[in-house]
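In what follows, a structure is listed as structure tokens, so that the remarks can point back to it.
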Amino acid sequence: MTTQAPDTRPGPVETMFAADEASRRLGIELLEHGEGTAVLRMTVAASQVNGHRIAHGGHVFLLADSAFACACNSHGAVTVAAGADIDFIAPAYEGDVLVATARERVRFGRSGVYDVSVLRGDEVIAEFRGRSRTLRTQNEEPQ
């Protein structure tokens, strides 16, 4: 009887996230991911607050965008943002631990729509909607 060792090679999300210098330098961690989903965490650092001493919106957006990227790249093909919007619901402060949960809403052709909720504990900090586009491979027919 021959047993096959489990495949321990990193998947597309782990590979992409390992190369994501921007997210890693901000201390963003990939907690979990699955097909069309991802959960990331970031602790707001002193270098990430603005002149009002609240988390800079660009950093909150980046956390949500990174979760979106992990979710939409979970299918294997290289997928990029076609656009995104964010609604800031409540401020976050230095030391706050933010968790971004991305969920695929729909995929059609080479496009997709993903929602990301950013929370501090049970409190919603921001809601993000991203629109994705899968890049064509060299041999793929135009759609």
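Hydrogens, waters and symmetry mates play no part in the numbers below; they use all other heavy atoms, side chains included. Residue numbers count from 1 along this sequence.
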Rounded distance (nearest 0.5 Å) linking atom OG of S132 with atom CD of E104: 7.5 Å
- line: Sequence neighbours excluded, the answer for side-chain contact (heavy atoms from CB on, under 4.5 Å) partners of A67 is L40, A100, A102, V116
- prompt: Should we say atom NE2 of H56 is surrounded by more than 12 heavy atoms from elsewhere, each under 6.0 Å from it?
  reply: no
task: Answer yes or no: is there a donor N or O on one side and an acceptor on the other, between the side chain of T37 and the main chain of G34, under 3.5 Å?
output: yes
- prompt: Between C70 and L30, is any pair of side-chain heavy atoms under 4.5 Å apart?
  reply: yes
field: Spacing of F128 atom CZ and F61 atom CZ [to the nearest 0.5 Å]
entry: 4.5 Å
message: Ignoring hydrogens, what is the shortest heavy-atom contact between D20 and S23? Give both atom names and the distance.
response: OD2-OG, 2.7 Å
statement: Applying side-chain hydrogen bond (donor to acceptor under 3.5 Å, both in side chains) to H33 and not counting sequence neighbours gives E14
ILVMFWY network linking L98 to Y114, side-chain heavy atoms under 4.5 angstrom: yes
message: When you measure from the side chain of S74 to the backbone of G36, do you find a donor-acceptor pair of N or O atoms at a distance under 3.5 Å?
response: yes
- prompt: Atom CD1 of I125 and atom CD1 of I54: how far apart are they, to the nearest 0.5 Å?
  reply: 10.0 Å
message: Less than 3.5 Å apart, any donor N or O on the side chain of T79 or T134 sitting next to an acceptor on the other?
response: yes
query: With a 4.0 Å cut-off, would you call R131 and D85 a salt bridge?
result: yes
message: For A92, is there any backbone N or O sitting under 3.5 Å from a side-chain donor or acceptor partner on D96?
response: no
query: So, do R24 and E29 sit near enough that their side-chain heavy atoms are less than 4.5 Å apart?
result: no
query: Do V44 and V99 share a hydrophobic cluster (ILVMFWY, side-chain heavy atoms under 4.5 Å, transitive)?
result: no
query: Under the side-chain contact (heavy atoms from CB on, under 4.5 Å) test, which residues partner A18, sequence neighbours left out?
result: none
message: With no hydrogens and no angle check, just 3.5 Å: does a side-chain donor-acceptor pair link T101 and S117?
response: no
query: Side chain of R120, backbone of P91: donor and acceptor closer than 3.5 Å?
result: yes
field: Heavy-atom pair with the smallest gap, counting every atom of A55 and V60
entry: CB-CG2, 4.1 Å
field: Cluster check I28, L119: I/L/V/M/F/W/Y, side chain < 4.5 angstrom
entry: no
- request: Enter the distance from Q48:CD to L63:CG here, rounded to the nearest 0.5 Å.
  value: 9.0 Å
Salt-bridge present (R103, D115; N to O < 4.0 Å): no
field: Shared hydrophobic cluster for F88 and V49 (ILVMFWY, side-chain gaps under 4.5 Å)
entry: yes
field: Cluster check V118, I86: I/L/V/M/F/W/Y, side chain < 4.5 angstrom
entry: yes
